[in-house]
Amino acid sequence: MSQTVDNIKPSYPLFGDEDYQANLALKQNGVEERPDQATLDETFAWTTTEEYQELNFARTALTINPAKACQPLGAVLCALGFEKTLPYVHGSQGCVAYFRTYFNRHFKEPVACVSDSMTEDAAVFGGQKNMFDGLENAKALYKPEMIAVSTTCMAEVIGDDLNAFIGNSKKEGHIPAEFPTPFAHTPSFVGSHTTGWDNMFEGVLRYFTLNEMEDKQAGTNGKINLVPGFETYLGNYRAMHRMMQEMGVGYSLLCDPNEVLDTPSDGEYRMYDGGTSIDEVKDAPNAIDTLLLQPWQLPKTKKFVQSTWQQPATAINIPMGLEWTDDFLMKVSELTGQEIPESLAKERGRLVDMMQDSHQWLHGKSFALYGDADFVMGLTKFLMELGAEPKHILCHHANKRWRKAMDQMLADSPFGQSAQVYVSKDLWHLRSLCFTDKPDFLIGNSYGKFIQRDTLKKGKEHEVPLIRIGFPIFDRHHLHRMTTLGYEGAMYMVTTLVNAVLERLDDETREMGVTDYGHDLVR
């Protein structure tokens with residue numbers, strides 16, 4: 001092969017080299033039983049039609065490129081947000097390798113997570129012995145101060161009982177009886193990554209507070225709790241810290257993985273860094289209230305806070321965009337008695353100025369978007385604040401109540417009148433919509449690249465450019481450090497959206513003397 005130490009190439013242009021092309025042709029002709037190009041072109045053209053869309057939307061037994069991941073992935077992210085905590089997955093090694101690489105590729109950071117490596121014998125006889133050895137080895141090797149246990153499909157299908165297994169591990173002396181081991185059952189075949197985060201977080205709260213409520217009383221510590229939910233923009237954690245500190249509010253950010261997922265390169269490896277302490281979790285029931293920053297994705301947490309902690313878990317929307325950030329800060333001010341400082345008022349004014357500067361480019365542009373329930377709702381709200389028009393809105397794992405709330409929000413805005421909301425649909429459904437009812441842009445994670453490529457294949461005039469906001473982002477660097485919440489996050493999104501529109505305009509007007517009639521560079 002042509003790859004040598006003196007001439008290292010990435011996959012492109014490496015796979016275009018003659019020897020790779022010959023190898024690919026041999027595979028296609030000898031193994032794949034590939035149809036001829038005319039048949040491929042005919043089939044592709046058919047998949048862009050309304051006839052195909054009708055068949056596509058009628059399917060019930062197949063999911064193609066779902067806009068979600070599985071429960072244990074969310075549980076792992078949740079565990080990383082607590083101080084010196086090691087995520088531990090009761091299941092096969094392959095599953096945990098997937099979770100680690102998924103986060104590695106998004107955060108560009110090593111991610112600590114262990115497995116007890118269940119194999120065929122454990123699938124037959126149960127995985128208790130794996131857990132005995134796994135917990136003992138994990139504690140001895142990696143020296144965490146807490147191990148947070150979740151499950152994969154294999155453990156759930158055979159019915160392994162985490163509470164019993166962890167209890168037996170302590171009785172048998174594999175780990176000390178007092179060693180913190182919160183857990184959650186996170187079957188991959190139901191729910192999504194956001195469900196897994198919610199389950200694991202509720203498991204942590206339950207472990208440390210359920211039987212320790214005798215001396216707890218809401219409001220006695222004068223603080224508020226903030227629960228981020230499945231959050232992969234590290235700037236959002238920092239924005240929450242900054243806004244609360246500028247307001248002078250006593251608060252606890254319950255689950256904060258931003259330090260361990262963004263450690264500096266200074267010669268020291270940090271397996272654990274930052275995170276919410278166990279003491280903060282234990283003190284959380286004494287707070288004035290607990291605000292859920294992604295309320296649609298945290299039903300178990302909300303129920304626990306209300307029933308066990310006796311806090312109202314006051315309803316808020318995700319603090320994304322202008323109005324909902326206003327609402328969030330005013331709610332914090334109402335709960336704590338602290339005034340919103342001039343620094344945040346000035347930041348708000350800068351956002352309004354940016355929106356005024358850019359609205360003429362965004363006004364009337366149509367967008368298809370997909371992702372998690374709260375993210376999609378917040379982004380839809382903000383698009384309409386900018387005068388943009390959401391056209392196709394897809395959330396694979398949202399429920400009917402979310403859809404009803406979305407429909408109401410869209411009906412209340414003149415910019416939401418043509419929007420359609422899709423629940424339990426995947427990116428192959430969205431692909432059809434981008435052909436038959438083309439939006440100007442697509443907003444979502446890296447997997448939307450397939451839709452952009454397919455629409456471009458039909459012709460440049462059919463291309464739907466992808467704006468990368470969401471999770472995961474594999475094919476761009478450092479976007480995970482950005483912010484999408486608060487006024488700061490809205491500024492980032494305005495910048496991203498309007499520059500995508502301008503980049504598209506440049507792309508369409510590069511033909512000299514024919515389309516290049518813009519006056520943006522006139523002196």
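This chain uses plain numbering: 1 for the first residue, then up along the sequence.
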Heavy-atom donor-acceptor pair, [X] side chain to [Y] backbone, under 3.5 Å:
X: Y370; Y: G448; value: yes
X: E339; Y: P341; value: no
X: Y272; Y: L80; value: no
X: T186; Y: T151; value: yes
X: S418; Y: K391; value: no
X: S277; Y: E280; value: yes
X: T301; Y: L298; value: no
X: S192; Y: T194; value: yes
X: Q297; Y: T195; value: no
X: D374; Y: W296; value: yes

[X] side chain to [Y] side chain, donor-acceptor N/O pair below 3.5 angstrom:
X: D372; Y: H193; value: yes
X: N258; Y: D256; value: yes
X: N499; Y: E503; value: no
X: E246; Y: S343; value: yes
X: Q452; Y: E463; value: yes
X: D283; Y: N221; value: yes
X: D475; Y: S446; value: yes
X: T209; Y: W309; value: yes
X: T220; Y: N286; value: yes
X: T314; Y: D289; value: yes

Could you walk me through whether K346 and E342 pass the salt bridge (Lys or Arg N to Asp or Glu O under 4.0 Å) test, one step at a time? CA-CA 6 Å; K346 187 174 288 187; E342 179 61 26; 5.2 Å; no

Report the distance from atom [atom1] of [X] to atom [atom2] of [Y], rounding to the nearest 0.5 Å.
X: K223; Y: L335; atom1: NZ; atom2: CG; answer: 15.0 Å
X: F441; Y: L362; atom1: CZ; atom2: CG; answer: 8.5 Å
X: Y492; Y: N236; atom1: OH; atom2: CG; answer: 10.5 Å
X: L386; Y: H359; atom1: CG; atom2: NE2; answer: 10.0 Å
X: L351; Y: T325; atom1: CG; atom2: OG1; answer: 8.0 Å

If we only count heavy atoms from C-beta on, is the [X] to [Y] side-chain gap below 4.5 Å?
X: K404; Y: D407; answer: no
X: S252; Y: L226; answer: no
X: K300; Y: K303; answer: no
X: M240; Y: P319; answer: yes
X: E389; Y: K365; answer: no
X: Y447; Y: P472; answer: yes
X: F328; Y: I318; answer: no
X: V227; Y: L291; answer: no

Restricting to non-hydrogen atoms, name the atom on [X] and the atom on [Y] that form the minimum distance, rounded to 0.1 Å.
X: M247; Y: I340; answer: CE-CG1, 4.1 Å
X: F471; Y: N445; answer: O-ND2, 3.0 Å
X: C113; Y: V89; answer: SG-CG2, 3.9 Å
X: P228; Y: C255; answer: CG-O, 3.2 Å
X: P176; Y: K139; answer: CD-CE, 3.7 Å
X: M491; Y: E347; answer: CE-O, 3.1 Å

The test is side-chain contact (heavy atoms from CB on, under 4.5 Å); show your working for M384 and M409 and say whether it passes. CA-CA 10 Å; M384 294 189 294; M409 182 179 72; 4.0 Å; yes

N-O pairing of E268 and R270 below 4.0 Å: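 Between R270 and E268 there is a salt bridge, with a charged N closer than 4.0 Å to a carboxylate O.
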
On the 0 to 90° scale, with breaks at 30° and 60°, tag the F103-F107 ring pair as parallel, tilted or perpendicular.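 If you compare the ring of F103 with that of F107, the planes turn out tilted.
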
Any chance you could lay out the salt bridge (Lys or Arg N to Asp or Glu O under 4.0 Å) test for E334 and K331, step after step, and finish with the verdict? CA-CA 5 Å; E334 176 189 325; K331 181 56 64 177; 3.2 Å; yes

Over 12 foreign heavy atoms within 6.0 Å of [atom1], [X]:
X: F57; atom1: CZ; answer: yes
X: K282; atom1: NZ; answer: no
X: K84; atom1: NZ; answer: no
X: Q217; atom1: CD; answer: no
X: W361; atom1: CH2; answer: no
X: K170; atom1: NZ; answer: yes

Using the benzene-type ring in the case of Trp, are the ring centres of [X] and [Y] under 6.0 Å apart?
X: H480; Y: Y233; answer: no
X: F474; Y: H106; answer: no
X: H90; Y: F183; answer: no
X: Y251; Y: H241; answer: yes
X: W197; Y: F201; answer: yes

D326/Y487 under side-chain contact (heavy atoms from CB on, under 4.5 Å): CA gap, chis, key distance, verdict: CA-CA 9 Å; D326 290 347; Y487 304 130; 2.5 Å; yes

When you look at E488 and R242, which way does the salt bridge (Lys or Arg N to Asp or Glu O under 4.0 Å) test go after all the steps? CA-CA 11 Å; E488 177 186 343; R242 179 179 62 82; 3.0 Å; yes

side-chain contact (heavy atoms from CB on, under 4.5 Å) assessment of Y98 paired with C70: CA-CA 11 Å; Y98 158 66; C70 62; 4.1 Å; yes

Please evaluate residues Q417 and L410 with respect to the criterion side-chain contact (heavy atoms from CB on, under 4.5 Å), reporting the C-alpha separation (whole Å), side-chain torsions for both, the decisive distance (0.1 Å), and the verdict. CA-CA 6 Å; Q417 301 304 304; L410 291 162; over 6 Å; no

